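Remember, it's a predicted structure, so these values are computed and weren't measured experimentally. Here is how names work: the chains are called A, B, and so on, in the same order as the sequence lines, proteins then strands, and each is numbered from 1.
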Number of protein chains: 2
Amino acid sequence: MTEPEPRWLSDEEQRMWRASMGVLNLLPLYLERDLQQLHGLTVHDYEILVRLSEAPDRRLRLTELAGLSHQSKSRLSHQMTRMENAGLVARESCDSDRRGQWAVLTEQGWERLVQAAPDHVASVRRHFVDLLTDEQKRVLGEAFGTVVAHLSGVDGGATCPKVLSQGTAQKPGGKARV
Amino acid sequence: MTEPEPRWLSDEEQRMWRASMGVLNLLPLYLERDLQQLHGLTVHDYEILVRLSEAPDRRLRLTELAGLSHQSKSRLSHQMTRMENAGLVARESCDSDRRGQWAVLTEQGWERLVQAAPDHVASVRRHFVDLLTDEQKRVLGEAFGTVVAHLSGVDGGATCPKVLSQGTAQKPGGKARV
DNA sequence: CTCGATCAGTTGAACATTCAATAAATGTAT
DNA sequence: ATACATTTATTGAATGTTCAACTGATCGAG
C-alpha cells in the first residue's frame, strides 16, 4: 500500500494562496507603521481599545477580551500590564467572581482611541478596502466569513483559541456612538 | 475650518474587514500547529525551505531571500543561525561579491521539506483553500493580487520592505520538479 | 587613486510572545 | 462537608523579533 499523491495546488490556487500570504504578511506592517507614527499605538493596543470601547460599561473580563482579540491569556496579561503603565486601561477586580478581573478603558484610553480612529480607518482604506471593487468586497466578505467560522469552530485540539471575529477600523463605541 | 468627517466603513465593509482580520490572525495558528506537530518546523522555517528549493542551485543571496519571504535582514540573519544549527541550511560566502553570503539548502533541509510538503498542502487546503468555491478563489486571487501589488509597490518611506509574493504550499522544487 | 556614500550582512540589547508552572477561587460529586 | 477537577489570571524563563549600531566591501564622482 503506497501513499496517495498529494493534491497539490493548481496554478490558479497557487497564485491565490501566495497573494493571500503576501497580504497577510505585508498589510500589518503598513497599518502598524501608520498607527505608530501618528499616534504611538500598536495595532494590538488599538484592537484592545476598540473592544473595550464597544463593551457595555467599557469593560470586559480578561478571558473574554483575550478571546475577542485572538490572544492567549498570558499574552493579554503581559499586554495589559504595558497598557496599564501607559494609562490606557486599568484592572479592576470582579465582585461576582473573585478570581476574575475587569479590563477597563480609562478616560485617557478612550481619548487616544477617538483621536486615532479617523487616521486608522483612512489607513485601512488606503492600503486595503479602497483597493477593492464592490464585487470583490462582497465576495471576500462571504468567503472569509466562511473561513473564520470554520477556524473558530474547529476543535483545534485545545491548542488553538476558539474565538470569533476581530476588527479595527470602526467608529469608536460602535452603534452607541461617541 | 473644521475636520472633514472620516469615511467610516459601511456595515458590509466592516464585516468584510473584520473577517479578513480574523483569517489573518487565526489561519497562521492552525498552519503552525500542524506543521510543528507533524514535522517540527515553523511556518517561517518552511517558507525559507520552499524559497531555497525553488531557486537555481538551491541557493539565494540573503538579501533576496529576505525580500522573497518578507523579512528584515536582521530577522533573517537570526533565523538563518537557528536553521543552520538545525542543519536545514548552510551559509556560503559569495565569490563575486565578497560582502555577500549564499543561503544554501542542505540535503537534510531538502529531505525535511519533501517530507513536510504533502501534509502542509493538506493543511492549507483543509483550513483555507478547500473552504472556498471556484468563484471565490478566482475573485480572491485577483483582489489580493491587486492589494499585494499595491503594498509591494508603495514607497513605504523606507520603513516597509518592498517585496513580492510568498507561498508555502507548493510541490518542492517548483516546476523543476524534485 | 581616493574619498565619501551606499550596500550586504551581523550583532547585542530591548522588547514581545510563548510555554509551563503556579496560586487562588469556583464547581462538582460523593 | 470534603476532596478533586476546572477556571481565572499571573509569573518568570525561554524563545523570537525589532531596532540601531557596526564591520567590511563595493560603487561612483572628482
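As rounded to whole Å, 15 Å separates atom P of D:dG16 from atom CE of B:Met80. Here D:dG16 presents its P atom at 10 Å from CD of B:Glu32, a figure rounded to the nearest Å. B:Leu41 places its CG atom 16 Å from the C1' atom of D:dG16, with the value rounded to the nearest Å. Atom C1' of nucleotide D:dA9 and atom CG of A:Leu60 are separated by 15 Å, given to the nearest angstrom. When rounded to the nearest whole Å, the span between CD of B:Gln71 and P of D:dT18 equals 9 Å. For B:Gln101 and D:dG24, the CD to P distance is 14 Å, given to the nearest whole Å.
Sequence neighbours left out, the pairs with a member in residues 122-136 of chain B that pass salt bridge (charged side-chain N to carboxylate O under 4.0 Å, His left out) are A:Arg7-B:Asp130, A:Glu13-B:Arg125, B:Asp34-B:Arg126, B:Arg125-B:Asp130, B:Asp134-B:Lys137. Residue pairs meeting the salt bridge (charged side-chain N to carboxylate O under 4.0 Å, His left out) criterion with at least one partner in residues 99-122 of chain A, sequence neighbours excluded, are A:Asp97-A:Arg99.
Cluster partners of B:Val104 are B:Trp102, counting Ile, Leu, Val, Met, Phe, Trp and Tyr whose side-chain heavy atoms approach within less than 4.5 Å, directly or via other members. Apart from A:Leu38 itself, the hydrophobic cluster it occupies contains nothing, where clustering links Ile, Leu, Val, Met, Phe, Trp and Tyr at side-chain heavy-atom distances under 4.5 Å.
Across residues 85-94 of chain B, not one residue has a non-hydrogen atom less than 4.0 Å from an atom of DNA chain D.
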Nucleotide N/O to protein N/O under 3.5 Å, stretch nucleotides 19-21 of chain D:
residue: D:dC19; atom: N4; partner: B:Ser74; partner atom: OG; Å: 2.4

Heteroatom pairs (N/O) under 3.5 angstrom, protein to nucleotides 26-28 of chain D:
residue: D:dT26; atom: OP1; partner: B:Arg98; partner atom: N; Å: 3.0

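The line from OG of A:Ser20 to CZ of A:Arg15 is 12.5 Å long, rounded to the nearest 0.5 Å.
Partners of A:Thr63 by side-chain hydrogen bond (donor to acceptor under 3.5 Å, both in side chains), not counting sequence neighbours: none found. Partners of B:Asp57 under the salt bridge (charged side-chain N to carboxylate O under 4.0 Å, His left out) rule, at least two apart in sequence or in another chain, are B:Arg59. Among residues two or more places apart in sequence or in another chain, the side-chain hydrogen bond (donor to acceptor under 3.5 Å, both in side chains) test is passed with B:Thr81 by B:Arg91. For B:Leu27, the side-chain contact (heavy atoms from CB on, under 4.5 Å) criterion is met by A:Trp17, A:Leu151, B:Val23, B:Leu31, B:His127, B:Phe128, not counting sequence neighbours.
Toward the 5′ end of DNA chain C lies the nearest nucleotide of B:Thr63, the other residue of the pair B:Thr63 and A:Gln79 mapping further downstream.
Not one side-chain nitrogen or oxygen of A:Lys73 sits closer than 4.0 Å to the OP1 or OP2 atom of D:dA9.
Looking at heavy atoms from C-beta onward, B:Met16 lies in side-chain contact with A:Leu132 at the 4.5 angstrom threshold.
The nucleotide range of DNA chain C contacted by chain B, defined by atoms under 4.0 angstrom from heavy atoms of the protein and reported 5' to 3', is C:dC7 to C:dG12.
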Step-by-step side-chain hydrogen bond (donor to acceptor under 3.5 Å, both in side chains) determination, A:Gln79 to A:Arg75: CA-CA 6 Å; A:Gln79 168 129 21; A:Arg75 175 170 157 188; 4.9 Å; no
Go through the steps for A:Arg18 and A:Gln14 under the test side-chain hydrogen bond (donor to acceptor under 3.5 Å, both in side chains), then give the verdict. CA-CA 6 Å; A:Arg18 294 207 173 198; A:Gln14 184 73 229; 2.9 Å; yes
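For B:Asn85, the CG atom is densely surrounded, since the number of other residues' heavy atoms within 6.0 Å is greater than 12.
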